[in-house]
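Quick caveat, the model's predicted, so the values are computed rather than measured. All values below were derived from every heavy atom in this structure, side-chain atoms included, with hydrogens, water molecules and symmetry-related copies excluded. Each chain gets a letter, A, B and so on, in the order its sequence line appears, and its residues count up from 1.
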2 protein chains.
Amino acid sequence: MSTVTIKDIARALNISTSTVSRALRGSYEINQETKELVLEYAERLNYRPNPIALSLKENRSRAIGVIVPQIANYFFSQAINGIEAIAYNRGYHVIIFQSQESYEREAANMQQAMDRKVDGLLISLSSETSDVSHLRALQEQGLPIVQFDRVSHELDTTCIVADNFGGAFAATEHLIKAGRQRIAHLTIPPWLSITQERLAGYRAALEQYGLPYDETLVRYGTFGQNETGPMVDELLALPSPPDAFFTASDRLALGCLASLHQRHIAIPDDVSLIGFTNLNAADLLNPALSTVVQPAQEIGQVAVERLIELIEKKQKAAPPSTVKIPTRLIVRESTRSVVHS
Amino acid sequence: MSTVTIKDIARALNISTSTVSRALRGSYEINQETKELVLEYAERLNYRPNPIALSLKENRSRAIGVIVPQIANYFFSQAINGIEAIAYNRGYHVIIFQSQESYEREAANMQQAMDRKVDGLLISLSSETSDVSHLRALQEQGLPIVQFDRVSHELDTTCIVADNFGGAFAATEHLIKAGRQRIAHLTIPPWLSITQERLAGYRAALEQYGLPYDETLVRYGTFGQNETGPMVDELLALPSPPDAFFTASDRLALGCLASLHQRHIAIPDDVSLIGFTNLNAADLLNPALSTVVQPAQEIGQVAVERLIELIEKKQKAAPPSTVKIPTRLIVRESTRSVVHS
DNA sequence: ATCGTTCCCGGCAACGTTTGCGGTAATAAA
DNA sequence: TTTATTACCGCAAACGTTGCCGGGAACGAT
């Protein structure tokens, strides 16, 4: 109803739409008086250009698509926070898609994002995704893509990730220095890049300190519910059970903590626990949880900055590379070293 | 580059675009053979209609705007989760805006949402917002609006909220029954509807059990950082300090818990603590936190369902009303009753 | 008087799609 | 044979905006 168009202004001022258009963007070939007239009138009627018409004309949308497995996950919501803040300032909108850890939905989301003509795509892969040909197809069509957190290196895109190796190394080293010898690693699906990197950091630390790498101490979860119980049970039933747990995600850390509570295992007296997490309440847990924090917001920010750079400079942008954002080890009660008398 | 348009199909098949368009939507005035030809060809080339062109023509976008104070807040991210799931199934996209608890950004977000021609708006007000004339203006222009959680009743829209009164009543009643007499209420800005409702529930419970209502026990926070420390200090310095804390948000509950820890106040031995929250790790806190849980996801779902109803039935939709979603009291360690000997 | 400039502006097409209207054949009814 | 009906399809406008092209007026230079 009340939306003012360039035509309305043209009609009211008895000039052509092209003149109005040029006046509005301050073209040099418009009379100063006319310009002021148009500007003043547009201001008064609160004229706002129709971005949809622009999109149609310029075949772009000033929107970027963000595909994440789950919004209701503190890591991703923080990352989106970082993304949205930057994008907003740069004049881009953010359209959110959730893959719900489903390959199919992820592919459908991409199709939708393409249909909507997003100018670029930010994606963190679903845990089901091992084949990335759908992504490659879009990339080959010229869509700027930046991966973050859960990335695939089979794809030649810019990737923004936490320093998973370093974080895992630091966590494992810390446990070892606190006197732990049998360190279990509860982690996420093995085909994810971050899983491999964390596992590598874990192994490197074990090796450096002369501890054996025992495959039976490494357990892979999905992102399902209540899967830690059985994992913990199996580990504790081993002939030589673990004296520490290093978990690779928020959910696993919390699940593991809950499972240990239920089984009346004392932390850190019986076992240590450290997470690779993003919780803001880790220090309020029982016990306060040692953790390797991932700078989720910063990852989001860097990712969207790179993406916009890619969108706007297209050809002469920095070549694809992987950016590692440092992680931080925070030591709390759950990994206190226990003196064996 | 590779996007197929109706024109491409028309050219290839040597027919007009109107015929293609009609064939694609199965118009009766197109020859069966032609239809099949077009459908088959469109399928083969993976034709997908350009939603932007549609939007321009029909002056709608099949997108709904969601304005929340903060994405990185478990309540809102869960609500968005619910929203996105439903919207997706109904063919709508979700465009997210964060007001960052700023009135100005909220207003700017609305403007942007309007510019983008969202078909409807879902909003939870920023804590700074007391004047809602900007919202009213949009509503009077015919934009379907549904408020959720932080709503203003100065506006005649459908509102979806948790049962704040009931939840606060239940929490307060529970504390009283556990033997507490001086119950402090740490809450959010007083001009928010949810604040008033929770306060009313708190007062009603006090009254029902014959306890006096003491204004000095009620403290209003903003949504800033680290504001609970001073509040807790002031309360504990009262001549007759509280023996229980009832907090009105995730952040206040966690902040209060942290502040009490720092001051070495034992929970629940010295004071009780119960939150009005949405944390999924409340049972893992130290101590396990009693809480009134808000069904965030359900609130989001109901809100978007109502909004879509409003969008699609416009005139004959249900009249504005306020829907209260029940809350649930979960009792844990932090409000254990302490036997005074 | 003619030509070249400069300044300012309007017409038109285009982006992809839908839709009202008109038109052409073929067939049926008179 | 003429007329009405049916079945099928194309033309063109419209949504809001931009940009190319062209053109008129005014002016100075030749």
Side-chain angles (χ1 to χ4, degrees), chain A residues 1-39 41-42 45-63 91 111-112 114-119 142, chain B residues 1-39 41-42 45-63 91 111-112 114-119 142:
Chain A
M1 154 118 285
S2 71
T3 48
V4 185
T5 78
I6 243 177
K7 285 189 186 175
D8 299 327
I9 303 182
R11 207 175 313 123
L13 264 43
N14 221 12
I15 54 182
S16 79
T17 58
S18 8
T19 305
V20 176
S21 172
R22 275 186 284 250
L24 286 174
R25 55 197 54 251
S27 163
Y28 66 97
E29 45 176 301
I30 297 294
N31 191 329
Q32 191 59 30
E33 286 179 45
T34 316
K35 262 190 213 172
E36 284 165 10
L37 205 64
V38 171
L39 260 344
Y41 191 79
L45 263 65
N46 191 30
Y47 165 78
R48 333 218 80 230
N50 182 331
I52 296 182
L54 261 295
S55 292
L56 180 59
K57 188 144 200 22
E58 302 177 356
N59 204 35
R60 50 122 97 203
S61 60
R62 285 211 158 271
Q111 188 55 261
Q112 297 246 354
M114 279 302 273
D115 291 351
R116 288 256 157 189
K117 305 269 184 261
V118 295
D119 294 348
Chain B
M1 153 117 288
S2 71
T3 49
V4 185
T5 78
I6 244 178
K7 286 189 186 176
D8 298 327
I9 303 182
R11 206 174 315 122
L13 265 44
N14 221 11
I15 53 181
S16 78
T17 58
S18 12
T19 305
V20 176
S21 172
R22 276 187 277 251
L24 285 174
R25 55 198 53 252
S27 162
Y28 66 98
E29 46 177 312
I30 298 294
N31 190 330
Q32 192 58 31
E33 286 180 44
T34 317
K35 263 190 210 171
E36 282 166 11
L37 206 64
V38 171
L39 259 345
Y41 192 79
L45 262 65
N46 190 29
Y47 165 78
R48 332 217 82 228
N50 183 331
I52 296 182
L54 261 294
S55 292
L56 180 59
K57 189 141 201 20
E58 302 177 355
N59 204 35
R60 51 121 97 199
S61 59
R62 285 211 159 272
Q111 188 55 260
Q112 297 245 355
M114 279 302 272
D115 292 351
R116 288 256 156 188
K117 305 269 185 260
V118 295
D119 295 348

Backbone N/O of B/I30 and side chain of B/S27: donor-acceptor pair under 3.5 Å =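 The answer is no, because no donor-acceptor pair under 3.5 Å joins these two groups.
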Is a side-chain donor or acceptor of A/K117 paired with a backbone partner of B/P51 at a separation under 3.5 angstrom?
->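 Flag not set: sc A/K117 to bb B/P51 has no pair under 3.5 Å.
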Of B/T17 and A/E58, the one whose closest DNA chain C nucleotide lies more 5' =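 Its nearest nucleotide lies further toward 5', so the answer is A/E58.
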Atom [atom1] of [X] to atom [atom2] of [N]: distance rounded to whole Å?
{"X": "A/I6", "N": "D/dA14", "atom1": "CD1", "atom2": "P", "answer": "17 Å"}
{"X": "A/N31", "N": "C/dT6", "atom1": "CG", "atom2": "P", "answer": "18 Å"}
{"X": "B/I30", "N": "D/dA7", "atom1": "CD1", "atom2": "C1'", "answer": "10 Å"}
{"X": "A/R60", "N": "D/dT17", "atom1": "CZ", "atom2": "P", "answer": "16 Å"}
{"X": "B/Q32", "N": "D/dC9", "atom1": "CD", "atom2": "P", "answer": "11 Å"}
{"X": "B/N14", "N": "D/dC9", "atom1": "CG", "atom2": "P", "answer": "12 Å"}
{"X": "B/L24", "N": "C/dT18", "atom1": "CG", "atom2": "P", "answer": "8 Å"}
{"X": "B/D115", "N": "D/dT17", "atom1": "CG", "atom2": "P", "answer": "11 Å"}

Identify which nucleotide among [options] has an atom closest to any side-chain atom of [X], counting heavy atoms from C-beta outward.
{"X": "A/N50", "options": "C/dT17, D/dG10, D/dT17", "answer": "D/dT17"}
{"X": "B/R25", "options": "C/dT19, C/dC9, D/dT18", "answer": "C/dT19"}
{"X": "A/A53", "options": "C/dT17, D/dG10, D/dT17", "answer": "D/dT17"}

When you measure from the side-chain N and O atoms of [X] to the phosphate of [N], is any distance below 4.0 Å, counting only OP1 and OP2?
{"X": "B/S21", "N": "C/dT17", "result": "no"}
{"X": "A/K117", "N": "C/dG16", "result": "no"}
{"X": "A/Y28", "N": "C/dT6", "result": "no"}
{"X": "A/S18", "N": "C/dC9", "result": "no"}
{"X": "A/T19", "N": "C/dC8", "result": "no"}

More 5' along DNA chain D: A/K57 or B/I15, using each one's nearest nucleotide?
->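 Looking at the nearest nucleotide for each, B/I15 comes out on the 5' side.
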Which sits closer to the 5' end of DNA chain D, A/L54 or B/S16, going by the nucleotide each is nearest to?
->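 Nearest-nucleotide comparison on DNA chain D picks B/S16.
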Mind checking whether B/L24 and B/V38 have side chains closer than 4.5 Å, heavy atoms only?
->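 Result yes, sub-4.5 Å side-chain heavy-atom pair found.
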If we only count heavy atoms from C-beta on, is the A/N50 to A/T3 side-chain gap below 4.5 Å?
->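 A/N50 vs A/T3: side chains apart.
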Any donor-acceptor N/O pair under 3.5 Å between D/dG10 base and B/R22 side chain =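 Present.
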Donor-acceptor pair under 3.5 Å: do we get one between B/E29's side chain and the base of D/dC9?
->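 Looking at the base of D/dC9, it does pair with a donor or acceptor on the side chain of B/E29 (distance under 3.5 Å).
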Step through the shown structure and confirm whether more than 12 heavy atoms of other residues, nucleotides or ligands are within 6.0 Å of CD on A/E29.
->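 Yes - once you tally the heavy atoms of other residues, nucleotides and ligands closer than 6.0 Å, there are more than 12.
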Scan [X] against the nucleic acid and name what it touches under 4.0 Å (heavy atoms): base, sugar-phosphate only, or nothing.
{"X": "A/L56", "result": "base"}
{"X": "B/S55", "result": "nothing"}
{"X": "B/I52", "result": "nothing"}

Supply the atom-to-atom distance B/L13 CG to B/L37 CG, rounded to the nearest 0.5 angstrom.
->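 Here the interatomic distance stands at 4.5 Å.
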